[in-house]
Every structure is written in structure tokens, then in C-alpha cells.
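Notes to accompany the following structure.
No hydrogens, no waters, no symmetry mates; every other heavy atom, side chains included, goes into these values. All residue numbers in this chain count up from 1 along the given sequence.
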Amino acid sequence: MLEQLKEKVLKANLDLVKNGLVLFTWGNVSAIDRQSGLVVIKPSGVSYDGMTAEDMVVVDLEGKVVEGKYRPSSDTPTHIELYRAHPEIGGVVHTHSTFATGFAQACRAITAYGTTHADYFYGDIPCTRSLRPDEMDEYERNTGRVINETFEDKDVVAVPACLVANHGVFAWGKDAAEAVYHATVVEEVAKMAFITEHLAKKPERLPAHVADKHYFRKHGKNAYYGQDKKD
């Protein structure tokens, strides 16, 4: 079942290690097959070493296991909340990458200071509110809900990532590979923001006209960065 998607999700999970975004089992990637409404996700607590496509777990949008020999990631309900709320999302990543998680633990957004940030995110990478005591019983599901709450007035395509207060990073994209790409960029711009704030006494955010130029030269109908796609 969904064998090709399992291979893509496996590769995306292994790319978290390759890109230096995870230690041990501190992360997961999923992808959704919109036609069937099924999600493929990394198994819970399973080491990346020796992990195979057969180890991936298939769940439905209620979180019920449809296929797999392992329990799915404990973060599965968070992924599902994102998929249910945003049809544009095809892949989701969760990491505890160091610098971005530092901002999350500080309960702070990653400010858009430079053009590298603006190339991928149209504005700051937001941070959610902290979860309340009454939200602990459905902790993972409410993590997804608080991300969705944070994006009630934001575009998940223009800003494809969010910090969860006191926790870590969730990023997404049209598929698992793009979600990993965005998670990698989040960590890099978090490093840059951290350095900027320690070098400048009063750092200023990137001017809006420069941010617009850099974002829209890569995104939208008038984008011109890169090469035309061949048929």
C-alpha cells in the first residue's frame, strides 16, 4: 500500500539526519496521499539507522493505523491536524533543530532580518502560544490545533513553518521533500537571526520592499529565479 510514498517518506526522514536536523529519534516526516486520504509517517522511537520503507506506518485522518508493524510517531495527531486544516499541505516535518528550537524555547518568532529569510518565508516565522494545562490530555492534537490557530491570519504556503512554544519546529510543503527543505532553511535562518541579534545592538528587520523583491522573484506568477521547467 502506497509503496512509492513510503519510499519518499523514508528518504525524507533520512534527509533530516543528512541535513543535521535531528539527533537520535528527535524528529519525523510524513506525507499524505490526498486521493485516498491516507498518511505515511515514521514509526515512533525507531532509529534512523537501518530504517526501511517497510517500517513506515500508514494511518487514516482519524489516526487509525491502516498498515504497519509499528506504532506511528507520537506526533501523528499534530500532522493530521495540519493536513485536515490545510489542503495545500502535502508533507509535514517535525524537528528539534538547535537554533530554531532555541527560539521556540524563548517563545519568540524568528524575525525576518535578511534576504535569505525572505527568499523562502514571506514574513517572520511565528511562534505559537504555550499550551494550557487543560490542553495536555490531547497534547499532540492540541499542538496541531495551536499551530492552526496561529495561522488563522497567515498563509501556510507563504510561511511554510511554525515554532511551537517551548517545543520545536514544524515545517511543511507540497510534499515530504519540500517540507524537509523548508525545515532545513528554518534552522539556517534561525542561526542567522541569532548571530544578527548578537552583533547588532538594535537589529532592524528587512525593509518591506526588499523582502517583497526577494520573495516574489522566487514565488508567484512573475517569479524569474532559476530555470524554466522543461516539459
Ignoring hydrogens and geometry beyond distance, is a side-chain donor-acceptor pair present between [X] and [Y] at under 3.5 Å?
X: His79; Y: Ser30; answer: yes
X: Arg145; Y: Asn148; answer: no
X: Asp119; Y: His214; answer: yes

Ignoring hydrogens and angles, tell me if any N or O in the side chain of [X] forms a donor-acceptor pair with the backbone of [Y] under 3.5 Å.
X: Asn13; Y: Val9; value: yes
X: Asp60; Y: Glu62; value: yes
X: Thr111; Y: Tyr113; value: no
X: Tyr83; Y: Val92; value: yes
X: Glu88; Y: Val157; value: no
X: Asn142; Y: Glu135; value: yes
X: Glu140; Y: Thr76; value: no
X: Ser73; Y: Lys42; value: no

Run the salt bridge (Lys or Arg N to Asp or Glu O under 4.0 Å) test on Glu81 and Arg141 for me, step by step, so that the C-alpha distance in whole Å, both residues' side-chain angles and the decisive distance to 0.1 Å come before the verdict. CA-CA 7 Å; Glu81 287 299 313; Arg141 189 169 301 282; 2.9 Å; yes
Determine which pairs satisfy ring pair (Phe, Tyr, Trp, His ring centres under 6.0 Å) with at least one residue from residues 129-157, sequence neighbours left out, and list them in order. Phe151-Trp172
Which pair of heavy atoms, one from [X] and one from [Y], lies closest together, and at what distance?
X: Thr128; Y: Val164; value: OG1-CA, 3.5 Å
X: Phe170; Y: Thr143; value: CE1-CG2, 4.0 Å
X: Pro126; Y: Ala161; value: CD-O, 3.8 Å
X: Val29; Y: Ala12; value: CG1-CB, 3.7 Å
X: Val40; Y: Val58; value: CG2-CG2, 4.1 Å

[X] [atom1]: over 12 foreign heavy atoms closer than 6.0 Å:
X: Lys6; atom1: NZ; value: yes
X: Asp153; atom1: CG; value: yes
X: Lys218; atom1: NZ; value: yes
X: Lys64; atom1: NZ; value: no
X: Glu3; atom1: CD; value: yes
X: Lys18; atom1: NZ; value: no
X: Arg129; atom1: CZ; value: yes

Using side-chain heavy atoms (C-beta onward) and a distance below 4.5 Å, is Thr25 in contact with Val46? no
Note, Glu138 side chain near Pro77 side chain (heavy atom, < 4.5 Å): no
Should side-chain heavy atoms under 4.5 Å link Ile, Leu, Val, Met, Phe, Trp and Tyr, which residues sit in the same cluster as Trp26? Leu23, Phe24
Test of ring centre spacing under 6.0 Å for Tyr181 and Tyr120: yes
Ring centres under 6.0 Å, that's the criterion: do Tyr122 and Phe216 meet it? yes
Say you draw a straight line from [atom1] of [X] to [atom2] of [Y]; how long is it, rounded to the nearest 0.5 Å?
X: Ile147; Y: Glu152; atom1: CD1; atom2: CD; result: 13.0 Å
X: Leu38; Y: Arg34; atom1: CG; atom2: CZ; result: 11.5 Å
X: Ile195; Y: Glu197; atom1: CD1; atom2: CD; result: 11.0 Å

